[in-house]
Amino acid sequence: MTDATTDPRWAIAIHGGAGSMTSETLDAEAVAAHEAVLAAARDAGRAVLVAGGSAVDAVTAAVAVLEDDPHFNAGRGAVFTYHGTNELDAAIMDGRARDAGAVACVTHTKNPVRLARAVMEAGPHVFLSGEGAEEFARDHGVEQVDPDWFATPERWRQLEELKSRKLGWFDADMKYGTVGAVALDAQGHVAAATSTGGLTGKRWGRIGDSPLIGAGTYADDRAGAVSCTGSGEQFIRTGAAHEICARMRMTGQSADEAARAVLAEIGTIGGVGGVIVVTPTGETAMPFTTPGMFRARADSTGREEVAIFS
Ligand code: ASP
């Protein structure tokens with residue numbers, strides 16, 4: 001446990017999705033554009049932590065920046081479903097008492113992470129979906145937008161490509177772009193948040209790991225905070241985010257060891273992706289099994305990083 005007045009120790013890590021991007025497929029301009037947004041999102045969270053704010057506020061601020069930016073598959077710039085709509089999923093968790101909020105299949109909420117937070121703080125439930133989640137959003141004054149806000153030409157092109165190449169329902173080989181953040185605040189508390197449009201061409205109300213507490217998102221002050229990205233079905237089947245926290249809490253594995261062990265397990269059932277982890281001692285880890293993962297971190301020791309490739 002750290003003391004805010006004598007030891008303002010804090011840490012933040014963010015991701016903008018794991019995927020197949022390499023320095024050959026992403027040109028210098030695209031690299032610079034993505035890195036600028038990653039830095040801005042991380043710094044929005046960092047500003048909260050430096051000012052002594054909470055980990056929950058820091059992850060909300062960082063994820064909202066990425067949701068508003070069309071480069072990432074969350075909020076504006078979310079991928080399209082098979083039927084040409086944008087259906088958004090998000091979750092947030094506070095490591096103090098393991099309070100959590102999540103939403104799935106929302107279509108009008110500008111920042112799904114803020115709706116997940118309202119669910120966590122103002123509602124009796126943990127997980128709301130579809131029309132009910134939107135009604136909750138309206139009742140609680142969470143900003144609503146016309147669905148056109150989320151749509152971008154590039155994501156439409158990706159849907160057309162997926163359909164024309166008959167890639168199947170999911171774009172497992174295309175880059176992902178889900179976003180997430182984990183943070184440790186100066187009071188020693190951790191939090192995690194994840195937000196996504198899911199997978200291009202998803203059907204049948206498909207929901208991935210991102211909004212599922214324990215799969216794509218988890219935070220527990222006794223272990224750490226985790227946000228995942230990758231092939232959601234395998235992350236669900238391994239209970240990835242909770243499994244990483246359980247390993248840290250019960251086996252004494254470091255954040256990096258626990259994260260790599262769970263990614264390896266995901267690999268054995270055919271999944272790929274990445275995770276970001278922060279612990280109550282300020283350790284961060286950002287391993288991934290895809291060619292790249294959009295990511296950034298900073299902490300009170302002066303460590304700073306923005307990266308895309310391995
Ligand atoms: N995990 C997300 C999902 O399955 C996708 C991603 O991380 O890009 O919905």
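Counting convention: from 1, in listed order, for ligands and their atoms alike. Because only heavy atoms are used, hydrogens play no part in the values below, and waters and symmetry mates are left out as well, while side chains stay in.
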Over 60° means perpendicular and under 30° means parallel, so tell me whether W156 and F80 are parallel, tilted or perpendicular. perpendicular

Decide, yes or no, whether a salt bridge links [X] with [Y] under the criterion of side-chain N to carboxylate O below 4.0 Å.
X	Y	answer
R206	E87	no
E283	R9	no
R138	E134	no
R96	D220	no

Taking the six-membered ring of Y82 as reference, does the NZ or CZ atom of K163 fall below 6.0 Å from its centre and within a 45° cone about the axis? yes

Atoms of ligand 1 close to [X] [distance to a heavy atom under 4.0 angstrom, numbered from 1]:
X	result
G198	9 (O)
G177	8 (O)
T229	6 (C), 7 (O), 8 (O)

Can you name the residues that form a salt bridge (Lys or Arg N to Asp or Glu O under 4.0 Å) with D256, not counting sequence neighbours?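 Listed in chain order: R260.
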
Heavy atom of [X] under 4.0 Å from ligand 1?
X	answer
R206	yes
G216	no
S210	yes

Partner of D221 under side-chain hydrogen bond (donor to acceptor under 3.5 Å, both in side chains), chosen from R98, H189, Q187: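 So the option named by the test is H189.
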
Looking only at distance, does [X] have an N or O less than 3.5 Å from an N or O of ligand 1?
X	result
G230	yes
L199	no
T178	yes
S231	no
D209	yes

